[in-house]
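Throughout, residue positions are numbered sequentially from 1 according to the sequence presented. In listed order, ligands and their atoms are each counted from 1.
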Amino acid sequence: MNNTSNWLVHDHRQYDISLDECEMAADLGEWKNAKRLFENFVMDLKLHMQMEDEVLYPLFINENGDPEGMISHLSEEHDYLVHLVNDLSYIIKSNDFDHFLESIEPLHTAMKLHNEHEEKVFLNMANQSILMQRDLIIERLKAMQNKQVRRDWDF
Ligand SMILES: [Fe+2]
Ligand SMILES: [Fe+2]
C-alpha cells in the first residue's frame, strides 16, 4: 500500500489487533481486562467512524459523486458494525465465553470485510484533487476529536 492510502486508513490494522487481544483476555477468563480492551476499542472506533462519516465520505461524494452507491454501501456497513458493537457491549457483561465468542466473531469478520472494502474504495476515489488537499483534510480529521458524535450509539 502506498503513502496515499496510508494516511486515509492508518489504523485499520489496529482494530484487528485490539479485537484479538480482547478475545484472548476473555479466553483466559480475564474479564476485567477484556472489558477494558473492548472499551478502548470502542472509543477508537467511534472516532474513526466519525472521521469517515463526517469528513471523508462527504469529501469523496463532493469530489466524485457516489458512483454505484459505493459510499452509501460503506455507510451502511458502518450501521451494521455499530449494531454488532452494541450487541457485544451487552454480551461482554455476562462473562460467558461461548456467548461472547458468538458475538465477537461476526463483529471481527464484518470489520475486516468493511476495512478491506473501504481501502479499495478510497484507493479508487483518491484523485489528484483530494491528494492536494491532504493537509487540510488531516486538519479536519483532527478537529473531530473535540466534536460531539452525531451517530447514535446505545452506550
Ligand atoms: Fe476506516
Ligand atoms: Fe469505515
Side-chain angles (χ1 to χ4, degrees), residues 1-25 34-92 100-155:
M1 191 157 295
N2 61 30
N3 289 337
T4 312
S5 52
N6 228 8
W7 62 273
L8 288 171
V9 296
H10 57 283
D11 40 11
H12 279 168
R13 179 80 191 105
Q14 185 53 45
Y15 298 118
D16 233 2
I17 296 169
S18 301
L19 283 184
D20 274 337
E21 285 174 349
C22 178
E23 187 177 324
M24 266 189 283
K35 283 167 197 159
R36 186 184 56 80
L37 290 165
F38 178 66
E39 275 165 27
N40 290 343
F41 161 79
V42 173
M43 230 165 44
D44 290 345
L45 186 68
K46 279 184 178 179
L47 178 62
H48 183 89
M49 273 196 191
Q50 190 186 8
M51 288 173 167
E52 293 173 345
D53 289 337
E54 297 182 30
V55 178
L56 295 179
Y57 291 177
L59 177 88
F60 283 119
I61 289 175
N62 206 26
E63 288 286 331
N64 305 312
D66 190 12
E68 292 163 48
M70 276 196 281
I71 299 290
S72 310
H73 284 148
L74 289 177
S75 188
E76 283 160 19
E77 288 172 6
H78 277 189
D79 295 342
Y80 182 54
L81 287 174
V82 170
H83 166 78
L84 293 174
V85 169
N86 282 337
D87 281 354
L88 186 56
S89 76
Y90 289 109
I91 284 161
I92 200 169
F100 168 85
L101 259 193
E102 278 169 25
S103 182
I104 198 171
E105 275 173 354
L107 169 63
H108 207 153
T109 306
M111 198 192 56
K112 273 191 197 163
L113 290 174
H114 169 70
N115 290 344
E116 279 169 22
H117 180 199
E118 188 169 73
E119 284 170 29
K120 269 190 212 146
V121 172
F122 281 3
L123 204 59
N124 250 319
M125 284 196 161
N127 59 19
Q128 203 54 35
S129 145
I130 286 175
L131 299 184
M132 286 176 50
Q133 299 174 59
R134 180 194 148 129
D135 292 348
L136 177 75
I137 297 167
I138 290 176
E139 276 311 304
R140 286 171 56 201
L141 291 177
K142 278 191 195 147
M144 283 292 121
Q145 276 163 357
N146 311 312
K147 235 187 118 220
Q148 198 71 30
V149 185
R150 267 195 233 151
R151 176 180 283 282
D152 243 349
W153 292 78
D154 277 359
F155 60 100

task: Go through the side-chain N and O atoms of His78 and Tyr57 and say whether any donor and acceptor fall under 3.5 Å apart.
output: yes
Ignoring hydrogens and angles, write down the donor-acceptor pairs under 3.5 Å from the side chains of residues 68-76, residues two or more places apart or on other chains.
{"residue": "Ser72", "atom": "OG", "partner": "Asp66", "partner atom": "OD2", "Å": "2.5"}
{"residue": "His73", "atom": "ND1", "partner": "Gly69", "partner atom": "O", "Å": "3.4"}

message: Run the side chain to side chain contact (heavy atoms under 4.5 Å, CB included) test on Met144 and Val55 for me, step by step, so that the C-alpha distance in whole Å, both residues' side-chain angles and the decisive distance to 0.1 Å come before the verdict.
response: CA-CA 9 Å; Met144 283 292 121; Val55 178; 3.8 Å; yes
task: Could you pull out all residues at least two apart from Glu63 that satisfy side chain to side chain donor-acceptor pair (under 3.5 Å)?
output: Ser129, Gln133
query: What residues form a side-chain contact (heavy atoms from CB on, under 4.5 Å) with Leu101, not counting sequence neighbours?
result: Glu23, Phe97, Ile104, Glu105
query: Is the shortest distance from a Lys or Arg side-chain nitrogen in Lys147 or Glu54 to a carboxylate oxygen in the other one below 4.0 Å?
result: yes
statement: Any protein N, O or S atom under 2.8 Å from the Fe ion (ligand 2)? Found Glu52 OE1, His78 NE2, His114 NE2, Glu118 OE2
task: For the Fe ion (ligand 1), find the closest N/O/S atom on His12 and give its atom name.
output: NE2
